[in-house]
Amino acid sequence: MRNGRALNHNLSFSKALLCTSRSYGSKGEGIKAKLEKVIPQQRDYFLGIKCLHGTTNIGTIPVNSVMGGMRGLPLLICLTSSLHPTKGIFYRGMPIKEVCAKLPRVKKGSSEGTPEGAFYFLTTGCMPTKEEAQDVTNEWNKRGKVPPFCLKMLDALDKKIHPMAQLSAASACLNMNSKFVEAYTKGAKRADYWKYIYEDSMNLIAMLPTVAAIIYTNVFKGGKGCRELNKDQDWSGNYSTMLGLPDDDFIDLMRLYMVIHADHESGNVSAHASHLVGSALADPFLCFSASMCGLAGPLHGLANQEVLVWLTKLRKAIGDDPSDDEIKKFIDDTLKGGQVVPGYGHAVLRDTDPRFTVQNEFAMKHCKDDPGVKLVTRLWKIVPEVLKKLGKVANPFPNVDAHSGVLLQHYCLMEMNYYTVLFGVSRALGVLAQLIWSRALGYPIERPKSISASDLCAFIRKADEGKDKKKKC
Ligand code: AMX
């Protein structure tokens, strides 16, 4: 309650507002010097507001939600998937584990269903037959040629630019060929927008394996690698082959990976970024580009890269087979260093992410003796014990990112700062299925109302006065 006391005793509303006023600080100071003075006070002030007035409503919405990343507010409709705090992600009402089991297999002997089938299911709500999933594969193979201007741009990019920044840039530049932009410019009817969004989405998804593989080979393999789709391969087969990893088990891992990372309802950063940008009628290429900027954040998709960096540090510090106490101490040191344990926790989930479990089952089937897999499986038991003790972590259990890296490393995809690109390629399926529906249902431009600090004070004061009146009565 330190901050609450600060609010009570030191920071009256008027003083807090003074902090943001022009008269604060001495004259002649630069912007940064002024901010250095004002930020600690404002932090204290806003934390105090949350402590003392978090449950006070602004209209019908609690201050905690307004100041807490809009948590818990049901403000979006998502047709493709829904997230349950303990049961995890459902695609079209079906738990992800069941989706994985029911999706059609392309080849005899392949253990996993295809992302093509998942896209069909997410978009239409119907589980496809093998033939219907194969039609999607054929369609993507037909549409997947990357235009020369995009190839030229990718080859010209500095190899030090992060692969996610390259993916976002490539998607943005592909809008040059947008069918939606063309149709919109010619005055297409609003009710038909979704048809062009569908065309662009199909084209973008079809090109993504090639674009993503070029980023990989340019950054890590000196630009050498296949850039042509093989019409006899499925989406994951082509992607894996272009990455230089044509192993059948790895292709199956890619199928699984692409299916489980595809969709996570509408409020996560990547899906919401795409939805927000799309609500201004930007085309799918720009929407996906924005989505990838969000996915590149360390609290979202970059966590899979962070997990591997953290695991590598752990193995370097205490070896491949450390004792439980050594692991606990390493986790403590991470927390003492002011860092989060990557791959653990979630904004909505409150139990182990089923996408983690599905990957662990794959690992147990294909590579249970891999030292990385063994370590991740042990951490699953140890990390939650340590995080629970902090008393503030809403979900101490692993999320999807805690597992993916060790599986990729098992199959020799070693370059950690590429991992989020794989996530991004998969996420295209969900965010673009959502975008098709957003335009089909004619959702309007998104425009939440923000309030000023003085509005916030006024709301709180009014709520307090209301409470006082009730007490007197
Ligand atoms: N390690 C240490 N502390 C953690 C933690 C973790 N893994 N997860 C949450 N906490 C802390 C938060 O930092 C916060 O501390 P603070 O009050 O001092 O700021 C407190 O616990 C409460 O946070 P929360 O309500 O449990 O989580 P959130 O909804 O604010 O954030 C998330 C969710 C995912 C950002 C957070 O759990 C986190 O940073 N996890 C590690 C990064 C990660 O794995 N991200 C991937 C998420 C899945 C994805 O999008 N790919």
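Bear in mind the structure is a predicted one, so any value in this text is a computation, not a measurement. For the single chain, residues carry numbers from 1 onward in sequence order. The basis for the numbers below is simple: all heavy atoms, side chains too, and nothing from hydrogens, waters or symmetry mates. As the structure lists them, so they are numbered: ligands from 1, and atoms in each ligand from 1.
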Ligand 1 atoms in contact with V393 (distance to a heavy atom under 4.0 Å): 4 (C), 8 (N), 9 (C), 10 (N), 21 (O), 26 (O)
Heavy-atom protein contact below 4.0 Å for atom 22 (C) of ligand 1: yes
Under 4.0 Å to a heavy atom of A394 - the qualifying atoms of ligand 1, by number: 25 (O), 26 (O)
Nearest non-hydrogen protein atom, atom 3 (N) of ligand 1: V340 CG1, 3.8 Å
Atom 12 (C) of ligand 1 protein-contacted, heavy-atom criterion under 4.0 angstrom: no
Per atom 40 (N) of ligand 1, closest listed option by heavy atom (W310, F397, Y344): Y344
Ring centroid separation F119 to W140 under 6.0 Å: yes
Numbered atoms and elements of ligand 1 in range of A303, under 4.0 angstrom, heavy atoms: 43 (C), 44 (O), 45 (N), 46 (C)
Over all atoms of both residues, closest heavy-atom pair of D200 and F180: OD2-N, 3.1 Å
Sub-4.0 Å heavy-atom contact, R71 with ligand 1: yes
Atom 50 (O) of ligand 1 - nearest protein heavy atom and its distance: H300 ND1, 2.7 Å
Where ligand 1 meets F423 - atom numbers and elements under 4.0 angstrom, heavy-atom basis: 51 (N)
Protein contact of atom 27 (O) of ligand 1 - nearest heavy atom, named by residue and atom, plus distance: H346 O, 4.5 Å
Pair W437 and Y443, ring centroids less than 6.0 Å apart: no
Donor-acceptor side-chain pairing of N304 and T420 below 3.5 angstrom: yes
Contact check: P342 vs ligand 1, nitrogen or oxygen atoms, below 3.5 angstrom: no
Atom NZ of K381: over 12 foreign heavy atoms under 6.0 Å: yes
F362 and Y411 aromatic ring geometry - parallel, tilted or perpendicular at 30°/60° bounds: perpendicular
Nearest neighbour in protein (non-hydrogen) for atom 17 (O) of ligand 1: K392 CD, 4.2 Å
Lys/Arg N to Asp/Glu carboxylate O, K221 vs E415, below 4.0 Å: yes
Validation row, ring centre H272 to ring centre H300 under 6.0 Å: no
P298-ligand 1 polar pair, N/O distance under 3.5 Å: no
Nearest neighbour in protein (non-hydrogen) for atom 49 (C) of ligand 1: D401 OD2, 3.5 Å
Nearest neighbour in protein (non-hydrogen) for atom 39 (O) of ligand 1: L299 CD2, 3.5 Å
S323 and D325 side chains, donor-acceptor separation under 3.5 Å: no
Verdict with supporting geometry, D263 and R427, salt bridge (Lys or Arg N to Asp or Glu O under 4.0 Å): CA-CA 6 Å; D263 209 26; R427 191 42 65 97; 5.6 Å; no
Numbering as shown, the atoms of ligand 1 that approach L335 to under 4.0 Å (heavy-atom distance): 2 (C)
Heavy atom of the protein closest to atom 1 (N) of ligand 1 (residue, atom name, distance): V341 N, 2.9 Å
Check against ring-ring contact (aromatic ring centres under 6.0 Å, His included), Y344 and W310: CA-CA 12 Å; Y344 280 76; W310 185 76; 7.7 Å; no
Non-hydrogen atoms of S404 and Y257 that approach each other most closely: CB-CE1, 3.6 Å
Atom indices of ligand 1 within 4.0 angstrom of G343 heavy atoms, with elements: 43 (C), 44 (O)
Atom 19 (O) of ligand 1 protein-contacted (non-hydrogen atom, under 4.0 angstrom): no
